[in-house]
Amino acid sequence: MITIRKAIPIDAEALCDLYFNHLTANPPKEPQDMTAWREKIARFETDPYYHLLVGIVDGRIVSSVTLVVIENLPHNLRPYAIIENVVTHTDYRGNHYATALMNRASEIAEGLDCYKIMLYTGSKRESTLRFYENCGFDSNYKTAFLKPL
């Protein structure tokens, strides 16, 4: 059974572990400033348009999804959303935890009257791409470009 909620400041260390040991292929070499992480998570926690969701199993954060809602002028002033940083701890994959978080993110976006959710991934793994398709995302709908800054 998974419990899903917005991240809170005390989740900083667990999220750092999740991102840098189970999401990013090239984790930073320098130590992370946990005070800064906790401060940023505290801002996310109170922002109605920023949803840093965590999935908790047996008291441990095992999965996370970020949903950001962006105000918009076209489409009858309806906002749109972006999903980023979808990750599940490698020991917990295959249990549909990320699917549960993706479903919750979709519910939040619908509840905020978003007309679409965008997601892009750097992964070329067939299993990852199939996962996103199974969550309702269509890779043929638009073309994504990225300009690293």
Side-chain angles (χ1 to χ4, degrees), residues 1-93 95-123 125 128-129 131-132 134-137 139 141-142 144-149:
M1 177 78 175
I2 188 167
T3 301
I4 299 171
R5 64 165 168 76
K6 281 184 96 167
I8 56 177
I10 61 171
D11 299 333
E13 288 83 359
L15 284 165
C16 187
D17 173 66
L18 202 57
Y19 290 153
F20 297 136
N21 293 314
H22 304 280
L23 174 68
T24 306
N26 300 307
K29 293 175 181 33
E30 68 279 353
Q32 297 298 300
D33 179 347
M34 286 297 109
T35 299
W37 275 62
R38 284 188 286 279
E39 289 170 358
K40 186 146 306 218
I41 291 169
R43 287 203 320 265
F44 297 160
E45 183 185 10
T46 61
D47 186 332
Y49 297 112
Y50 200 105
H51 298 269
L52 175 52
L53 302 176
V54 294
I56 302 166
V57 175
D58 297 327
R60 180 178 188 182
I61 293 175
V62 300
S63 192
S64 183
V65 168
T66 300
L67 174 84
V68 180
V69 176
I70 300 169
E71 294 290 342
N72 195 31
L73 291 173
H75 299 278
N76 295 321
L77 304 178
R78 292 176 67 196
Y80 61 93
I82 297 175
I83 287 182
E84 266 289 340
N85 302 325
V86 179
V87 60
T88 299
H89 189 290
T90 51
D91 294 345
Y92 291 83
R93 291 182 184 165
N95 293 300
H96 306 288
Y97 297 142
T99 300
L101 271 89
M102 294 289 278
N103 289 338
R104 180 67 186 121
S106 292
E107 291 169 1
I108 292 168
E110 285 182 51
L112 293 171
D113 198 32
C114 293
Y115 77 95
K116 70 178 177 182
I117 302 173
M118 296 187 300
L119 175 148
Y120 73 91
T121 180
S123 177
R125 290 188 358 230
T128 301
L129 303 178
F131 166 73
Y132 291 132
N134 289 337
C135 288
F137 291 87
S139 64
Y141 189 66
K142 287 196 173 200
F145 291 87
L146 175 68
K147 181 179 180 179
L149 300 176

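Just so we're clear, the structure is a prediction, and the values are computed from it rather than from any experiment. The residues of the chain are indexed from 1 along the displayed sequence.
A distance-only check finds a donor-acceptor pair linking the side chain of N95 to the backbone of Y92 [under 3.5 Å]. Under the 3.5 Å distance criterion, the side-chain polar atoms of N72 are matched with a main-chain donor or acceptor of P74. Side-chain atoms of H22 never come within 3.5 Å of backbone atoms of T88 as a donor-acceptor pair (strictly under, hydrogens ignored). Between the side chain of K6 and the main chain of F44, a donor-acceptor pair closer than 3.5 Å is present. Although no hydrogens or angles enter the test, the distance criterion places a donor-acceptor pair under 3.5 Å between the side chain of H89 and the main chain of D91. In this structure, T128 contributes its side chain and S123 its backbone to no donor-acceptor pair below 3.5 Å.
The nearest pair of heavy atoms linking R78 to C114 is NH2-O, 3.1 Å. Among all heavy-atom pairs drawn from I117 and F137, the shortest one is O-CE2, 3.6 Å. For the residue pair L67 and A109, the shortest heavy atom distance occurs at CD2-N, 4.1 Å. When all heavy atoms are compared, the tightest approach of L23 to N85 is CD2-OD1, 4.0 Å. Among all heavy-atom pairs drawn from F20 and P27, the shortest one is O-CB, 3.4 Å. The two atoms that bring A105 and I83 nearest to each other are CB-CD1, 4.0 Å, heavy atoms only.
Atom OH of Y80 and atom NE2 of H75 lie 10.0 Å apart (nearest 0.5 Å). The line from OG1 of T99 to CD1 of I2 is 9.5 Å long, rounded to the nearest 0.5 Å. Once rounded to the nearest 0.5 Å, the distance linking OG1 of T90 with CG of L18 reads 9.5 Å. In this structure, the separation between CG on D113 and CG on N76 is 9.5 Å, given to the nearest 0.5 Å. The OH atom of Y97 lies 14.0 Å from the CD1 atom of I61; values are rounded to the nearest 0.5 Å. One distance of note links CE of M118 with OH of Y141; it measures 10.5 Å at 0.5 Å rounding.
By the 30° and 60° cut-offs, the orientation of the rings of Y19 relative to W37 is tilted.
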For this session: Apply salt bridge (Lys or Arg N to Asp or Glu O under 4.0 Å) to R5 and D11, showing your working.
Result: CA-CA 11 Å; R5 64 165 168 76; D11 299 333; 2.7 Å; yes
For this session: Any chance you could lay out the side-chain contact (heavy atoms from CB on, under 4.5 Å) test for L101 and V54, step after step, and finish with the verdict?
Result: CA-CA 8 Å; L101 271 89; V54 294; 5.6 Å; no
Exercise. For Y50 and V69, what are the C-alpha separation, side-chain angles and deciding distance, and is it a side-chain contact (heavy atoms from CB on, under 4.5 Å)?
Worked result: CA-CA 6 Å; Y50 200 105; V69 176; over 6 Å; no
Problem set entry | Evaluation steps, salt bridge (Lys or Arg N to Asp or Glu O under 4.0 Å), between E45 and R38 | CA-CA 10 Å; E45 183 185 10; R38 284 188 286 279; over 6 Å; no
For this session: Would you check, one step at a time, whether the test side-chain contact (heavy atoms from CB on, under 4.5 Å) holds for V68 with H51?
Result: CA-CA 6 Å; V68 180; H51 298 269; over 6 Å; no
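Contact annotation: the side chain of S64 approaches that of L52 to within less than 4.5 Å [non-hydrogen atoms, C-beta and beyond]. Inter-residue side-chain proximity for V86 and M102 is flagged as met; some heavy-atom pair is nearer than 4.5 Å. Using a 4.5 Å heavy-atom threshold, the side chains of M34 and E39 count as separate. With a 4.5 Å cut-off on side-chain heavy atoms, I70 and I82 count as touching.
When only modelled atom types and interatomic distance are considered, Y49 and E71 share a side-chain donor-acceptor pair under 3.5 Å.
Dense packing is recorded around CG of N134, with more than 12 heavy atoms of other residues, nucleotides or ligands lying under 6.0 Å away.
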